[in-house]
Protein chains: 2
Amino acid sequence: MRADSLQVLLWQRALEPHAHRWSLPGGRLGATEDVETSIKRQLAEKVDVRQLSHVEQLAVFSAPRRVPGERVVATAFLGLVPSDVDPGLPADTRWHPVDDLPPTAFDHDSIVLRARHRLRSKLSYTNIGFALAPPEFTISALRGLYSAALGYRVSATNLQRVLARRGLLEPTGQTAAPGRAGGRPAAQFRFVEASMSVTDPFAVLRPPNQARTGGPS
Amino acid sequence: MRADSLQVLLWQRALEPHAHRWSLPGGRLGATEDVETSIKRQLAEKVDVRQLSHVEQLAVFSAPRRVPGERVVATAFLGLVPSDVDPGLPADTRWHPVDDLPPTAFDHDSIVLRARHRLRSKLSYTNIGFALAPPEFTISALRGLYSAALGYRVSATNLQRVLARRGLLEPTGQTAAPGRAGGRPAAQFRFVEASMSVTDPFAVLRPPNQARTGGPS
DNA sequence: ACAAAAGTGTTTTATTTACACCCATGA
DNA sequence: TCATGGGTGTAAATAAAACACTTTTGT
């Protein structure tokens, strides 16, 4: 998934079934690999994407007739690529805005919706933004990424503060040159951590402050 | 999973591999069923559990050698049974406290941990409590269930208020008789909804109040 | 009357959103 | 010096946790 608007990488099927429709990249699980290794391999081999910043399981899709012919059970993944990475793509492969998908093969549209939902949720309560952003960025660039992914305009001020309070951001000391129109140069930041973790431990029904009164932990 | 303490239903393997160790119920996916139908069928047929209040996918476990012999890819589920339901169990099958598991077969202990984590999280931001509780209950009974599942003592006062504010609870009008020691009779409640939904839309980075300033929804 | 359990009122604390205002730069 | 972003200070809003206190029952 990528930036400016949130995008998915799809390839256009040449053959039946569902010729000409757009498909999520993937393939068969090999005998000696687990599903995550497998999806990474497929992405590298088939669409030449090797710079995934984050990968996680979404769900298993297993309706008996989800695909014509032999029965196929698929494990769907959410895989993210930073906005500054632009892998060279094969001819039949293209990025598509998530909010404006072409006709998709099989149940792939519902898989994409599920991925979008997962990403949106995690932007709120984890540091998953690191997976969308370049190594260094200004707050307003980051704001753009969050806005694109979430589908509504995020306030740069508040984004700053939420991420800062959680200790996710770190100034690099550098500043970015202003555009031709002028304006104060923006400070550059980076994410402190480059792997996903939950940063907003669920706000509700949290353990009591003081003594642990109750049962086993 | 069940109540007083949170428990998992396990059966003891008679045969190798991993004879005598305890196993999560499950089995092979049939040709004409999806994974959720399949796990419900397995639970009904093999351990006679038919009253699941909630079922959801957890994750796929696919390490090539997670099970000796032929390669097995498993889709793990979280399945909940209300605390008042006590299904008759086969002889080799028993409930075990999640915090004190016997030696388990294969990677089943990590599956159970994952399930516990999922349940604990969802107790905070969804109405999933309905799946643990009987049709009608007092707040203090519900407090007991939440405490057992979460592993720490939850305040009845605050649990009340959080669930009430969200509109999840509904008084039945009935009251429960006090115990032998006296005390004010407790009002009975029920959950308004009996299927899971997210009730605490993530608090952070939510859309602006007023105009929708930004991009596509 | 008193103990026990339930339930309500109120204060405190945490955290975010909203908004006004100040800062640094280019033309 | 003014337009254009960038950044900070501060107030308002929200929601939950903590705790004191009242209510209703059995003995």
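Reminder, nothing fancy here: chain letters follow the sequence lines and each chain counts from 1. What you are looking at is a predicted structure, and each value in this text was computed from that prediction instead of being measured.
Minimum heavy-atom separation, A:L24 to A:W11: O-NE1, 3.5 Å. The nearest pair of heavy atoms linking A:A148 to A:L6 is O-CB, 4.0 Å. Across all their heavy atoms, B:V154 and B:S147 have their closest contact at N-OG, 3.1 Å.
Picking from D:dT8, D:dA16, C:dT17 the nucleotide with the shortest atom distance to the side chain of B:R166 gives D:dA16.
To the nearest 0.5 angstrom, B:L113 atom CG is 11.0 Å from B:D107 atom CG. The CD atom of A:E170 sits 11.5 Å away from the CZ atom of A:F191 when rounded to the nearest 0.5 Å. Rounding to the nearest 0.5 Å gives a distance of 15.0 Å between CH2 of A:W22 and CG of A:D109.
The nearest whole Å value for the distance from the OH atom in A:Y146 to the P atom in C:dT16 is 13 Å. Protein atom CG of A:N158 is 15 Å distant from nucleotide atom P of D:dA13, rounded to whole Å. Atom P of nucleotide D:dA15 and atom CG of B:L159 are separated by 17 Å, given to the nearest angstrom. For the pair B:L142 CG and C:dA6 C1', the interatomic distance rounds to 14 Å; values are reported in whole Å. Across the protein-nucleic acid pair, B:Q160 atom CD and C:dG9 atom C1' stand 13 Å apart, rounded to whole Å.
Judged as a side-chain hydrogen bond (donor to acceptor under 3.5 Å, both in side chains), and not counting sequence neighbours, the contacts of A:E136 are A:Q188.
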Restricting to nitrogen or oxygen on both sides, can you table the protein-nucleotides 12-15 of chain C pairs closer than 3.5 Å?
unit_1	atom_1	unit_2	atom_2	d
C:dT15	OP2	A:R165	NH1	3.3

Give me, pair by pair, the N or O atoms of the protein and of nucleotides 23-27 of chain C that are less than 3.5 Å apart, along with how far apart they are.
unit_1	atom_1	unit_2	atom_2	d
C:dC23	O4'	A:R184	NH1	3.4
C:dA24	N3	A:R184	N	3.3
C:dT25	O2	A:G183	N	3.0
C:dG26	O3'	A:R180	O	3.3

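If you check distances only, the side chain of B:R161 never reaches the base of C:dG7 with a donor-acceptor pair under 3.5 Å.
Dashed line: the shortest gap from a side-chain N or O of A:S155 to OP1 or OP2 of C:dT17 is not under 4.0 Å. Dashed line: the shortest gap from a side-chain N or O of B:T157 to OP1 or OP2 of C:dG7 is not under 4.0 Å.
A donor-acceptor pair is defined here as one N or O able to donate and one able to accept, closer than 3.5 Å; such a pair exists between the side chain of B:H18 and the backbone of B:F106.
In summary, of the residues considered (B:T75, B:D34, B:T37), a side chain to side chain contact (heavy atoms under 4.5 Å, CB included) with A:S62 occurs for B:D34 alone.
As judged by a 4.0 angstrom heavy-atom cut-off over every strand, B:A187 is placed among residues touching the sugar-phosphate backbone only.
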